[in-house]
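Order of the sequence lines sets the chain letters (A, B, ...), proteins ahead of strands, with each chain counted from 1. Since the structure is predicted, the reported quantities are computational estimates derived from the model, not experimental observations.
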Amino acid sequence: MLAAEALASGDALWADYRFDEALRVFESAARQEPDNPAPLLLAAKRLFALGRFEESARLEGQALERRPEDSNTRRMLAELLDRQGQRERAERLAREALRQSPQDARAARALAHIVRGAGRTAEAAELLRRQVADHPSRENWRVNHELALCLDRLGDYAGAMAALLAAKAELYCFARPLLNQWHQRARRREEFARALDGTVLRRWREVQLRPVGLIAILAGHPRSGTTLLEQMLAAHPGVVTTDETAILRSQFIEPMVLAAGSTAEAFQEINGFDTDQLEAGREFYFRATQAHLGEAPDERLLIEKDPLATCDLGFMLRLLPEARVIFPLRDPRDVCVSFFFTLVPLNPDSAPALDLAHTCAAAALSLRVWQHWRKVIPQPWVEVRYERLVRDAREELGRLTQLLQLPWEERMLAAHEQRRARGVRTPTYSDVAQPLYTRAIGRWRHYARWLEPHLGPLAPLLKEFGYD
Amino acid sequence: MKRGKMKRGRPVSQANGFSQIFKFAAYGTLGLGAAGNSSAETAITFEGFTTDNLEISGIPGYGDNVSSASADWSVRAGLRGVVGTPDIAVDWLGTGWHTYTSWDGRGNVGQLDFNAGGPLISLAFTPSAASAVRLVLFELDEWAGGGPGSIDWTLVGSLSGQMAGANWTMTDAGGRSGFFIGQSGQLGETLTLNFMLNTGAPSYFALDNLTFDQVPEPSTWALGALGAAALGAAAMRRRRRAH
């Protein structure tokens with residue numbers, strides 16, 4: 001079989017969540033074409049998606065040996081090593097990558113990110129400023145984005161916002177269509193949520209399905225503290241957590257809710273599922289989740305973490321009616337500033353980060369939909385406040401473990417010290433690798449003059465959730 | 001100047017069979033990929049060519065905005081009902097992309113004639129603002145007798161920078177290799193596929209089975225999800241049909 005055929009087969013296996021089989025196929029393809037780095041890079045990328053950073057780095061390193069002149073692979077390896085905490089080696093590789101391709105905005109951004117992570121923030125900022133000045137590029141929004149984070153850390157808030165707005169302006173021209181898509185999807189999500197009242201949700205919950213063990217959904221909004229909370233819970237031996245696998249969204253919610261011809265059509269299909277269909281969906285979900293985890297949850301509580309779950313909770317509770325719901329709350333103004341500053345892959349769900357008006361609108365949507373859910377869902381639910389969590393984690397986690405019927409576990413308080421089999425894949429990985437800190441509370445005040453003109457949609461919600 | 005290879009009789013064409021086998025592989029050994037891939041797709045097989053050594057860039061709209069099958073390409077529908085790649089324009093840049101029939105017994109191809117195009121020959125995929133291109137796979141071919149051949153290829157996004165690349169080396173015996181890429185650009189991003197000749201007779205190389213998808217979403221919110229395969233929804237819906 002040609003290596004390319006093998007890779008195609010491997011990718012098909014991957015799409016069916018048969019990860020180990022797919023990886024074996026990728027490695028076999030790599031052996032067939034000993035000079036071709038593509039099979040190794042593909043396998044490395046897939047392993048990254050599973051949070052298996054060590055294996056990913058090993059393959060990325062082998063790909064680099066096959067193609068040492070490829071600065072892109074060198075930079076990606078540097079980023080992987082940084083995630084594993086191997087800062088010195090990561091920095092050396094990133095410097096080499098930038099030396100190989102001095103105009104490469106990605107390499108400059110990666111190096112500055114690593115240098116900032118090592119605490120040399122001013123040096124990182126200087127490197128980025130030089131990059132912008134010496135190498136004008138269509139991709140310098142990446143550089144400006146990182147520069148904004150450096151200046152924020154250095155306390156130059158006006159400079160940080162100027163760099164950030166420059167980055168967003170460069171992105172805006174080609175990413176604007178994504179915002180239109182976000183509007184369409186947001187409308188559908190809110191309509192679908194509001195189509196589900198207490199009667200429907202209770203009827204869904206009463207369907208007799210095969211027991212699958214304990215499960216909870218960790219919803220919220222991006223940058224509301226979901227990753228921190230997930231990491232703390234993951235330190236509990238009675239818990240296993242997913243880290244944004246997006247199985248529910250990609251496999252069910254996209255085709256059934258978001259791609260349906262109308263909200264009524266989506267409701268009709270989902271409401272019309274019989275027990276066999278629900279069992280088929282659950283079987284798929286648990287098989288795919290287990291493949292992501294690399295292990296069976298067994299008797300442990302499975303926590304499905306997805307910061308976009310708030311708007312999609314309706315379908316999730318149809319498929320997993322036994323789930324409990326956790327909703328992380330954080331001052332929405334801090335959420336907005338943090339979201340605006342986070343460099344995320346652009347797509348219709350992340351598009352609101354393009355400007356502050358949409359950033360605020362997206363945060364308001366999540367809170368509005370959560371307001372609805374907490375009135376109508378029959379499942380047990382709990383709100384966890386970020387501000388309390390970082391100031392008094394014992395107290396806040398105590399309430400949470402009670403709802404989840406878990407015994408207290410001291411290790412949750414030192415989650416950042418735990419070594420996990422899977423790495424943190426989300427863009428906020430570096431934030432949760434350090435002890436709890438309170439410096440992010442009230443961060444929005446530094447940016448009040450930019451934020452306040454856009455707070456209209458959030459104003460009633462600030463009061464409702466106690467942040468006025 | 002010699003433009004393209006001399007004809008060597010009319011060998012039995014293996015291209016169709018080869019293409020089908022290759023396409024089947026691309027969709028997965030058990031058809032899993034066909035079910036698992038939600039994107040609309042075009043595969044340019046060049047089988048509609050009837051003459052050699054015409055500049056492909058001179059054929060109006062060749063491979064552009066494909067929405068139905070033809071002798072030159074096959075199409076597949078995505079889950080959203082889109083057929084082919086109606087929002088993607090394909091530009092055969094410059095000179096050097098030539099039509100060629102019955103290429104060394106392996107059917108029709110798009111010839112990479114470095115004699116005509118110079119050492120670098122490229123083609124560009126430009127999607128509409130609301131779409132993205134996913135380059136799935138392509139095959140490189142060297143006619144036997146062209147000497148040890150070596151081509152560097154790269155896939156470069158106008159926003160993403162270099163996304164993939166490799167060196168392809170063949171012996172004087174020639175033959176074909178397939179490259180599975182599976183890389184998506186961002187919405188509206190032009191992807192350029194470049195071929196740089198290092199060694200080998202400049203008119204002995206060709207491209208075939210160029211397969212690309214039109215995808216509505218180039219990346220996911222989190223780093224975890226790979227594509228909207230929607231096999232879960234299919235499993236539930238299938239159960240209903242079984243009733």
Side-chain angles (χ1 to χ4, degrees), chain A residues 1-5 7-9 11-16 35-38 41-42 46 48-49 67 70 72 104 106 138-139 174-175 177-178 181 243-247 249-252 254-256 259 273-274 276-278 280-281 283-285 288 292 308 344-350 425-426, chain B residues 21-22 25-30 32-38 79-80 129-130 136-137 139 158-159 161-169 176-182 186-189 216-240 243:
Chain A
M1 187 162 40
L2 288 172
E5 290 180 49
L7 288 186
S9 301
D11 229 26
L13 289 166
W14 196 274
D16 194 35
D35 296 329
N36 185 357
L41 289 171
L42 192 59
R46 300 297 189 248
F48 181 94
R67 200 90 175 148
D70 185 352
N72 214 28
D104 186 350
R106 284 175 188 246
R138 289 171 62 173
E139 290 211 35
F174 71 85
L178 294 171
Q181 291 179 47
D243 180 14
E244 300 182 28
T245 64
I247 293 164
R249 193 164 56 257
S250 67
Q251 299 293 326
F252 302 98
E254 286 280 351
M256 291 179 173
F273 287 142
D274 61 25
D276 282 354
Q277 286 178 293
L278 291 169
E283 191 182 316
F284 185 95
Y285 166 75
H292 258 283
L308 295 176
V344 290
L346 265 180
N347 62 43
D349 289 332
S350 66
R425 291 171 293 125
T426 54
Chain B
I21 291 166
F22 194 88
Y27 294 160
T29 46
L30 297 170
L32 284 168
N37 190 333
S38 61
L79 283 183
R80 293 165 191 244
V136 180
L137 59 93
E139 295 165 39
S158 57
L159 301 168
Q162 184 169 327
M163 300 163 69
N167 173 261
W168 177 65
T169 305
R176 179 174 287 213
S177 299
F179 293 87
F180 179 84
I181 314 299
Q186 299 177 33
L187 289 181
E189 180 178 23
E217 293 156 20
S219 56
T220 53
W221 164 251
L223 294 164
L226 282 158
L231 291 175
M236 295 180 86
R237 287 168 171 162
R238 211 167 32 239
R239 191 66 61 93
R240 177 186 298 160
H243 288 179

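- The nearest pair of heavy atoms linking B:W168 to B:S177 is NE1-OG, 2.8 Å.
- Residue B:T169: no heavy atom, backbone or side chain, is found under 4.5 Å from chain A.
- Both the backbone and the side chain of B:A166 come within less than 4.5 Å of a heavy atom in chain A.
- Contact of A:L41 with chain B is not made at all, since no heavy-atom distance falls under 4.5 Å.
- In this structure, no portion of A:D35 lies under 4.5 Å from any heavy atom of chain B.
- Here the shortest heavy-atom pairing between B:E139 and B:G178 reads CG-CA, 3.9 Å.
- Between the side chain of A:Q251 and the backbone N or O of B:L231, at least one donor-acceptor pair lies under 3.5 Å.
- Residues A:R67 and B:N167 are in side-chain contact: their nearest non-hydrogen atoms beyond the backbone lie under 4.5 Å apart.
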